[in-house]
Amino acid sequence: QVQLVESGGGLVQAGDSLRLSCAASGLTFSSYTMGWFRQAPGKEREFVAAVSRNGGDTNYADSVKGRFTISRDNAKNTMYLQVSTLKPDDTAVYFCAARFGDDARIQPYTWPRWGQGTQVTVAS
């Protein structure tokens, strides 16, 4: 059974940093493209970042480029999102997602595996 478990969220001040983690089990982690998405209250879930199976290629939403860094450790079956210079607009539930293979699509409906999410709240 595939499980994705996010951690690392919390309440922070604007300008602070966090590191989110996504621990995966029940799958051959290195066979999956991994991604981060977020959903703010009253808004649709949106793409944040994705990392290729070997970690060599990354893709970011324009809104987070230069502030967020996605990475993965295939030996630990874990993906990370280093979030820096946080803004109140970054407040959302952050979800990790997994998709088998090298598909580069970013639409949420194209990702079949999801975690339960971790809340990030940025106070101004």
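Quick caveat: nothing in here was measured; it's all calculated off a predicted structure.
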*In terms of hydrophobic clusters joined by side-chain contacts under 4.5 Å, are V64 and I106 together?*
no
*asked:* When you compare the side chain of V122 with that of K87, does any pair of heavy atoms fall below 4.5 Å?
replied: no
*Roughly how far, to the nearest 0.5 Å, is OG of S21 from CD of Q82?*
9.5 Å
*Please report the closest heavy-atom contact between G8 and L18, naming both atoms and the distance.*
O-CD2, 3.7 Å
*Is P112 close to F100 at the side-chain level, that is, under 4.5 Å between some pair of heavy atoms?*
no
*Considering non-hydrogen atoms only, spot the tightest contact between W114 and W111 and give its length.*
NE1-O, 2.7 Å
*State whether the side chain of S84 and the backbone N or O of S17 hold a donor-acceptor pair below 3.5 Å, judged by distance alone.*
no
_Considering all heavy atoms, the nearest L20-V120 contact_ = CD2-CG2, 4.0 Å
*Pick from K76, R72, R53: which one makes a side-chain contact (heavy atoms from CB on, under 4.5 Å) with F29?*
R72
*Output yes when a side-chain donor or acceptor of E6 lies under 3.5 Å from a complementary backbone atom of T118, and no otherwise.*
no
*Using a strict 4.0 Å threshold on nitrogen-to-oxygen distance, state whether D103 and R105 make a salt bridge.*
yes
_hydrophobic_cluster_shared for L81 and V12, side chain cutoff 4.5 Å_ = yes
*Can you name the closest pair of heavy atoms from L4 and A24 and give their distance?*
CD2-CB, 3.6 Å
*To the nearest 0.5 Å, how far apart are CG in N77 and CG in L27?*
7.0 Å
*Checking Y60 side chain against R67 main chain: does a donor-acceptor pair fall under 3.5 Å?*
no
Solution key, residues 32-52 side-chain donor-acceptor pairs under 3.5 Å, sequence neighbours excluded:
from	atom 1	to	atom 2	distance (Å)
T33	OG1	G101	O	2.5
W36	NE1	Y80	O	3.3
R38	NE	E46	OE2	2.6
R38	NH1	D90	OD1	2.9
R38	NH1	Y94	OH	2.9
R38	NH2	E46	OE2	3.2
Q39	OE1	R45	NE	3.3
Q39	OE1	R45	NH2	3.4
Q39	NE2	K43	O	3.1
S52	OG	N54	OD1	3.2
S52	OG	G56	N	3.2
S52	OG	D57	N	2.9
S52	OG	D57	O	3.4

*Could you give the distance from OG (S30) to CG (D73), rounded to the nearest 0.5 Å?*
11.5 Å
*asked:* Does atom CD (Q119) have a neighbourhood of more than 12 heavy atoms from anything else shown, all under 6.0 Å?
replied: yes
